[in-house]
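Working notes for the structure below.
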Amino acid sequence: MTRKVNVEALLAEVRACQICAAHLPHGPRPIVQLGASARLVIIGQAPGSKVHASGVPWQDDSGNRLREWTGLDSKTFYDPARVALLPIGFCYPGAGDGADLPPRPECAPLWHARLLAALPPSRLTLLVGIHAQAYYLKASPKRTMTEAVRSFAEHLPTYFPLPHPSWRSTGWTRKNPWFAADVLSALRAAVRDAVA
Ligand code: SF4
């Protein structure tokens, strides 16, 4: 019960955060989902413009692709008691040169450790995209995203590295057929265990 109160207080603190407001062209709108019993954590990049407008994490084409990869239905995906959704940057950073800007660097060091400390110690964390992998797989900074995903078994049972499921991943999955052949079945099994 105490833990639940703490999580709610912490989430209220996150939602009031203005730390990098001066660098956010659309203003702060932290988008996070977390409950104290979640044993699956999905760490993505940062909300895009659609998610910034709706306030619902992963409610876009990337989210649909991620749900298909993981085998999670929407009901489970959006259940904070089972799944925590924490991007590396909680607010939409805006766009430049035809693509979203990288997540704000202030965010993860400020919030992640505090939020993750509220979760059960035994959990699976999906590291979705290069920003999440650079932050959490510090031991191998020169590894490309493709190498990190291909060697996913080295990081289990704690982490599961994945490509970002943006439209670009369609070409990447075509070039790397081992992802659909070998990685997705292991991903779905690990995710099933974590949300069981
Ligand atoms: S991106 Fe993170 S640190 Fe910056 S205002 Fe949003 S919640 Fe705060």
Side-chain angles (χ1 to χ4, degrees), residues 3-67 77-120 123-138 141 145 148 158-169:
R3 175 179 264 186
K4 189 168 178 239
V5 172
N6 288 344
V7 168
E8 282 168 7
L10 190 48
L11 287 175
E13 243 188 275
V14 168
R15 288 181 183 125
C17 182
Q18 301 268 323
I19 289 282
C20 56
H23 303 285
L24 298 170
H26 303 273
R29 188 177 194 189
I31 298 175
V32 170
Q33 168 180 303
L34 182 127
S37 56
R39 289 186 56 247
L40 177 66
V41 183
I42 301 179
I43 302 191
Q45 181 169 318
S49 58
K50 260 194 194 169
V51 169
H52 175 78
S54 70
V56 183
W58 293 105
Q59 196 185 51
D60 54 11
D61 291 344
S62 296
N64 291 336
R65 210 168 280 118
L66 183 61
R67 282 181 284 278
F77 189 88
Y78 287 115
D79 181 356
R82 298 164 92 187
V83 181
L85 303 172
L86 305 184
I88 285 288
F90 296 169
C91 301
Y92 174 43
D97 288 336
D100 284 351
L101 293 171
R104 287 304 309 169
E106 299 87 342
C107 200
L110 184 65
W111 292 114
H112 273 216
R114 289 179 70 195
L115 290 164
L116 294 173
L119 300 181
R123 56 183 187 255
L124 174 69
T125 301
L126 310 187
L127 299 174
V128 183
I130 53 169
H131 295 286
Q133 288 159 27
Y135 194 78
Y136 281 97
L137 303 181
K138 292 185 176 94
M145 182 276 289
T158 307
Y159 296 122
F160 204 124
L162 290 172
H164 193 281
S166 69
W167 60 270
R168 286 187 192 85
S169 67

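Note that these values count all heavy atoms, side chains included, but never hydrogens, waters or copies made by symmetry. Quantities reported herein were computed from a predicted structural model and do not represent experimental measurements. Just follow the structure's listing: the first ligand is 1, and inside any ligand the first atom is 1.
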for atom 6 (Fe) of ligand 1, nearest protein heavy atom and its distance come out as Cys91 SG, 2.3 Å

Correct closest heavy-atom pair for Pro105 and Pro109 would be O-CD, 3.2 Å

query: Looking just at side-chain N and O atoms, do His112 and Tyr136 make a donor-acceptor pair shorter than 3.5 Å?
result: yes

When distances are taken from atom 2 (Fe) of ligand 1, the protein heavy atom at minimum range is Cys107 SG, 2.3 Å

The reported gap from OH in Tyr92 to CZ in Arg29 (rounded to nearest 0.5 angstrom) is 13.5 Å

task = Give the intermediate values and the outcome of side-chain contact (heavy atoms from CB on, under 4.5 Å) for residues Leu11 and Val32.
result = CA-CA 8 Å; Leu11 287 175; Val32 170; 4.0 Å; yes

Cys20 N/O/S atom closer than 2.8 Å to atom 8 (Fe) of ligand 1
no

protein heavy-atom neighbour closest to atom 8 (Fe) of ligand 1 works out as Cys17 SG, 2.3 Å

